[in-house]
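Heavy-atom basis, side chains included; hydrogens, waters and symmetry copies ignored.
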Amino acid sequence: MRIINSSEELNSIRFSDKKAFVPTMGNLHEGHMSLVNFASKNYPTVITSIFINPLQFGKNEDFSNYPRTLKKDIKLLEEFGSDYLFLPEKDFAENLQLIKPKFANVLCGRSRPNHFDGVLTIINKFLSIIKPDVCLFGLKDYQQQLIIKDFVKRHKINTEILSLPTVREASGLAMSSRNNYLSDEARLHCGKIYSTIKKIADCIESSSNTDNFDSFREDALKDLKKDNFVIDYLEIVDANNLTKPLTNSKKILIAIAVKYESVRLIDNIEIFL
Ligand code: AMP
């Protein structure tokens, strides 16, 4: 795997094949590797980036102590078939005009006000430099991939945005770099986040009458609070626009963010009606 240390170096490479791009912040786990693995199986050239994007962290968030595990990450990327690793220079996020995305004022955007501006601004820079044929994201960050898909479509950017399923621990907990902050016991307990939204999904599948959604949600909130989760949000929305579902909504999203022992965890399930 060739390591590229600057945008200049990246620009000097003549890629002849179709390129798949996987942007990450490092501290790679099986969730990230599912994207790299899919890319390497389906595209001749795979470029992965590791960049801890300062623009997407709020003042009190974990930017300075975000886990940095480059050696281990390089090994994993080589094992899973990434051809290039792009490590942007320190000033990559400087002097950029922040982009204001659509769909950013709800769910995670409500408690992390400028988060998606930062995400989209950097992804847009990556896309304009790399010009990948396809760029891969995880459905774990549902709102993120929706925002990027919408932006790419509206701006007619010639990159296909592909979203792949959430990879989970055996307990059901969605894999995340933040899981490392939890004890083994806490990780097991946090499997409850997925089982709770799965239960809502099952209820919606057997009664897709939107009048019942509030009661499914209220019951789930009660359960979660009993289990010591601090709720940021638990929402049942139309998956295409993140607004209140209508009777003719075709796809529903159950999205959740909670804190457990001060660690913020997110998850979601899509339901096709
Ligand atoms: P991050 O390093 O957190 O920015 O994540 C990089 C990419 O990996 C994003 O597209 C995430 O949605 C994706 N990702 C993170 N965790 C998972 C997971 N558990 N399953 C699938 N994709 C994931």
- Side-chain heavy-atom pair Lys259, Val263 within 4.5 angstrom cut-off: no
- State whether Asp223 and Lys199 are salt-bridged, where the test is any N-O pair (Lys NZ or Arg NE/NH1/NH2 against Asp/Glu carboxylate O) under 4.0 Å. yes
- Item | Over all atoms of both residues, closest heavy-atom pair of Ser34 and Leu164 | O-CD1, 3.9 Å
- Message: For Ser7 versus Ile129, what's the shortest heavy-atom pair and its separation?
- Response: OG-CD1, 3.9 Å
- Taking 4.0 angstrom as the limit, do Lys153 and Glu160 come out as a salt bridge? no
- Message: I'd like to know if the side chain of Gln143 and the backbone of Val106 have a donor-acceptor N/O pair within less than 3.5 Å.
- Response: yes
- Note on the structure: On a heavy-atom basis, the closest approach of Leu136 and Ala39 is CD1-CB, 3.7 Å
- Hey, does the side chain of His115 reach the backbone of Gln56 with a donor-acceptor pair shorter than 3.5 angstrom? yes
- Between the main-chain N or O of Lys192 and the side-chain N or O of Thr196, is there a donor-acceptor pair closer than 3.5 Å? yes
- Donor + acceptor pair across side chains of Glu89, Asn5 (<3.5 Å): no
- Query: In this structure, which one of Lys140, Arg168, Lys198 forms a side-chain hydrogen bond (donor to acceptor under 3.5 Å, both in side chains) with Asp267?
  - Reply: Arg168
- Message: Would you say Val152 ends up clustered with Leu146 if hydrophobic residues are merged whenever their side chains have heavy atoms under 4.5 Å apart, either directly or through other cluster members?
- Response: yes
- Query: Should Leu234 and Val258 be counted in the same cluster of Ile, Leu, Val, Met, Phe, Trp and Tyr side chains packed under 4.5 Å apart?
  - Reply: yes
- Mind telling me whether Phe229 and His189 have parallel, tilted or perpendicular rings, with 30° and 60° as the class edges? parallel
- Message: When you measure from the side chain of Ser12 to the backbone of Glu9, do you find a donor-acceptor pair of N or O atoms at a distance under 3.5 Å?
- Response: yes
- Establish, yes or no, whether the cationic atom of Lys125 lies under 6.0 Å from the six-membered ring centre of Phe92 and within 45° of the ring axis. yes
- Item | Distance-only donor-acceptor check, side chains Asn11 and Glu8, under 3.5 Å | no
- Can Glu61 and Arg112 be counted as an ion pair, charged N to O under 4.0 angstrom? yes
- For the side-chain contact (heavy atoms from CB on, under 4.5 Å) test, which of Ile147, Asn53, Ile148 pairs with Ile123? Ile148
- Task: State whether Lys19 and Asp133 are salt-bridged, where the test is any N-O pair (Lys NZ or Arg NE/NH1/NH2 against Asp/Glu carboxylate O) under 4.0 Å.
- Result: no
- Query: Would you say the side chain of Lys18 lies within less than 4.5 Å of the side chain of Thr45, judging by non-hydrogen atoms?
  - Reply: no
- Item | Side-chain (Asp73) to main-chain (Leu28) donor-acceptor, under 3.5 angstrom | yes
- Task: Please determine, by modelled atom types, if Asp141 and Asn268 share a side-chain donor-acceptor pair under 3.5 angstrom.
- Result: no
- Between Lys250 and Asp238, is there a salt bridge with N-O shorter than 4.0 Å? no
- Can you list the steps and then say if Glu270 with Leu139 is a side-chain contact (heavy atoms from CB on, under 4.5 Å)? CA-CA 9 Å; Glu270 289 173 285; Leu139 280 168; 3.6 Å; yes
- Is it true that a side-chain atom of Asn240 and a backbone atom of Ile252 form a donor plus acceptor pair closer than 3.5 Å? no
- Please identify each residue that fulfils ring-ring contact (aromatic ring centres under 6.0 Å, His included) with Phe137, with sequence neighbours left out. none
- Item | Same apolar cluster: Ile52 and Ile3, side chain cutoff 4.5 Å | no
- Item | Backbone N/O of Ile157 and side chain of His155: donor-acceptor pair under 3.5 Å | no
- Query: Does Lys131 reach the main-chain N or O of Ser128 with its side chain, forming a donor-acceptor pair under 3.5 Å?
  - Reply: yes
- Taking the side chain as every heavy atom from C-beta outward, state whether Ser82 and Ile47 have any pair of such atoms under 4.5 Å apart. no
- Item | Residues Arg2 and Asp83 bridged, charged N to O under 4.0 Å | no
- So is Arg110 actually on top of Tyr233's ring, under 6.0 Å and inside 45° of the axis? no
- Please tell me if the side chains of Ile99 and Asp117 come closer than 4.5 Å, counting only heavy atoms from C-beta onward. no
- Message: Can you confirm whether Leu253 sits close enough to Leu242 that some side-chain heavy atom of one is under 4.5 Å from a side-chain heavy atom of the other?
- Response: yes
- Message: Looking at Arg217 and Ile236, would you say the former's side chain and the latter's main chain have a donor-acceptor pair under 3.5 Å?
- Response: no
- Rounded to the nearest 0.5 Å, what's the gap from CD1 on Ile50 to NE2 on His32? Could you check? 8.5 Å
- Task: Spell out, yes or no, whether Ile231 and Leu182 are grouped together once hydrophobic residues are joined by side-chain heavy atoms under 4.5 Å, including indirect joins.
- Result: yes
- Query: Among the clusters formed by ILVMFWY side chains lying less than 4.5 Å apart, do Ile200 and Phe213 turn up in the same one?
  - Reply: yes
- Do Ile4 and Leu87 have side chains that get closer than 4.5 Å, going by heavy atoms? no
- Query: With ring centroids as reference points, do Phe51 and Phe86 lie under 6.0 angstrom apart?
  - Reply: no
- Look at the side chain of Arg187 and the backbone N and O of Leu173, then say whether any donor-acceptor pair between them is shorter than 3.5 Å. no
- Query: Taking the side chain as C-beta and beyond, is there a heavy-atom pair between Pro101 and Asp150 under 4.5 Å?
  - Reply: no
- Heavy-atom check, side chain of Ile256 versus side chain of Asp232, under 4.5 Å: no
- Item | Aromatic plane relationship, Tyr43 with Phe38 - under 30° parallel, 30 to 60° tilted, over 60° perpendicular | tilted
- Take Phe103 and Phe116, measure what ring pair (Phe, Tyr, Trp, His ring centres under 6.0 Å) needs, and give me the verdict at the end. CA-CA 9 Å; Phe103 308 123; Phe116 290 114; over 10 Å; no
- Do you see a donor-acceptor pair shorter than 3.5 Å between the side chains of Thr243 and Asn241? yes
